[in-house]
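Notes follow the structure.
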Amino acid sequence: MLMNIKIDLLVRKAQKKDPEAFTELIRTCMQDMYRTAIAILMNDEDAADAIQDTILACWEKIDMLQNAQYFKTWMTRILIHKCLDIRRAREKVIPMEEYEEPVTEDEYNIEIKEALETLGEKYRLIMMLYYGEGYRVKEIADFLGMPASTVQTRLDRGRKKLREYYQSE
Amino acid sequence: MGKRKEQILETGVEIPDIVQKKVEAAFEVIRMERTETMEEKKKDGIFMMNGKKRAVLGVCACAALLVVAGSFGLSGKEDAGIVESNQVAENENVIQTVQDMFTMKVYAAEAPDAGENGYVTLEKGKAVPISLDGDVGYVLCESEDGNVSYCISTHFLCEGEDIEYITYSINGGVFQIVEPKDSTIVTSSEKYEGDINTGGIGGVDNEETGEILSVTNHYKAFTVSYDNQTNDQTWINICGNSDENWDVVLGEDKTLEEKVNGINKMMEDVVITCSVQYTDGSTSEAQITIGGGIITPEGTGIPEKEQPYPTFVFQLQ
């Protein structure tokens, strides 16, 4: 509860355009932001772009946030949209000569990425939001615009996929 | 039972360099944007944060009153027993403060790091609870319109070299100075003419005749000389009539954390600016905000208090 009080205070200061309060607020969410971004995009370079875009969008719009306690949920929703934008742009077919190799190799957090790879696109984000970040089924359903029953089903199937993967190792 | 496979998703992640660089770049854009905006405002003469205007209220009947002051008597410098206080996150950058030129201290005799004189140095990211030692503390009063009015008593002390004057100004609140009728520490001031609903804290009276020997004045800003910043017959209080409803902030059904949250909201617009003027004419300043915190009875020595309760904390910005 007291961590929530701290977040609440930071949000109020950020809404008055206090950059230090805002940067501290983002830092408290950084791990979860990265988890969400990597669950959708599966590479660090795209995740970095999505997170950067999200930070700037949140700064621009934070005074529109009506309830400070929902900051993280609000920010996560923006991040998911930014990630999906990047993924959509990536999926467009481009000529070979325009293709650019990723600048960096993904050497961080290999174990989590392997687990996410196993899950596949359908289950990754839902599993990460639920287990990695502690969101409830209803909140995840809200984020993704799908019925709660669908989220629950995918969680069940996601758990099964992970168990099968680790048993086969 | 073995570890759930899903727990792999719960493990801590290492933020890659490329992510950190892009994040820092975004932060830099935000800081630069803010600096440009403030520079523009400086040119227009609108510099500094502006607090909310408070309605001028009549004298209240004080339907509800919460007084926490040293008149209950208390202990010395034991552990302040702060369960947790609402700390401003650690900030590495300072917007407009030159911290290495002077330090601000506040009287907080029960804090574990209080000096022999009972003062604690204010630092960024550190919440210092107001003292309930002797004759300082705070009063909360419910005004006629059901809102919370407050009066917080403390002593500030500024320390540094070649300082001639210190000017304290306040947004979102009012200074109340209670001092002897025939002497004052105030060398110049900007008075506040409105009404404050809480009465005051402090004052000296003649023990034999009961005659009140102190005078109370309210200011938006006042200046003191470095060599005469305070004394034990002067009280410098921070007062205000907030826009927050008494029941919402301090209602009996509120949890301790909700009360602290309510105090935070009540005080969110209050900013104290301490401007020092050096002997060479140059100036420097620091800002202090006030928030909510929790204090345990052990930290106050107040026997009537059996549970932790909310208090005010000072924070250097």
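Quick note on labels: first sequence line is chain A, next is B, and so on, each numbered from 1.
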OG1/B:T11 to CG/A:N109 distance, rounded to the nearest 0.5 angstrom?
7.5 Å
Interchain contact, A:L116 with chain B, by part (heavy-atom threshold 4.5 Å)
side chain
Gap separating the CD atom of B:Q315 from the CG atom of A:L9, nearest 0.5 angstrom:
6.5 Å
Which one wins on heavy-atom pair count under 4.5 Å against chain B: A:A47, A:G158, A:A48, A:A115?
A:A48
Qualifying residue for salt bridge (Lys or Arg N to Asp or Glu O under 4.0 Å) with B:K22, from A:D49, A:D46, A:D44
A:D49
Worked verdict on A:I55 versus B:V29 for side-chain contact (heavy atoms from CB on, under 4.5 Å)
CA-CA 10 Å; A:I55 290 171; B:V29 166; over 6 Å; no
Report yes if some heavy atom in the side chain of B:Q317 is under 4.5 Å from a heavy atom in the side chain of A:E20; otherwise report no.
no
Could you tell me whether A:R77 atom CZ has more than 12 heavy atoms of other residues or ligands within 6.0 Å of it?
yes
Salt bridge between B:E268 and A:K13, side-chain N to carboxylate O under 4.0 Å?
no
Are B:E24 and A:R27 ion-paired here, with the side-chain N under 4.0 Å from a carboxylate O?
yes
Assess whether side-chain contact (heavy atoms from CB on, under 4.5 Å) is satisfied between B:L9 and A:Y130, documenting all intermediate values.
CA-CA 9 Å; B:L9 301 176; A:Y130 189 81; over 6 Å; no
Do A:T23 and B:V23 touch side chain to side chain, with heavy atoms closer than 4.5 Å?
no
Nearest heavy-atom approach of A:Q52 to B:A25 is NE2-CB, 3.7 Å
Any Lys/Arg nitrogen of B:D269 or A:K16 sitting under 4.0 Å from an Asp/Glu carboxylate oxygen of the other?
yes
What's the spacing between A:F22 CZ and B:R31 CZ if we round to 0.5 Å?
11.0 Å
May I ask you to test the A:D8-B:N264 pair for a side-chain heavy-atom distance under 4.5 Å?
no
Taking every heavy-atom pair that is under 4.5 Å apart, which of A:E60, A:R35, A:M30 has the most such pairs with chain B?
A:R35
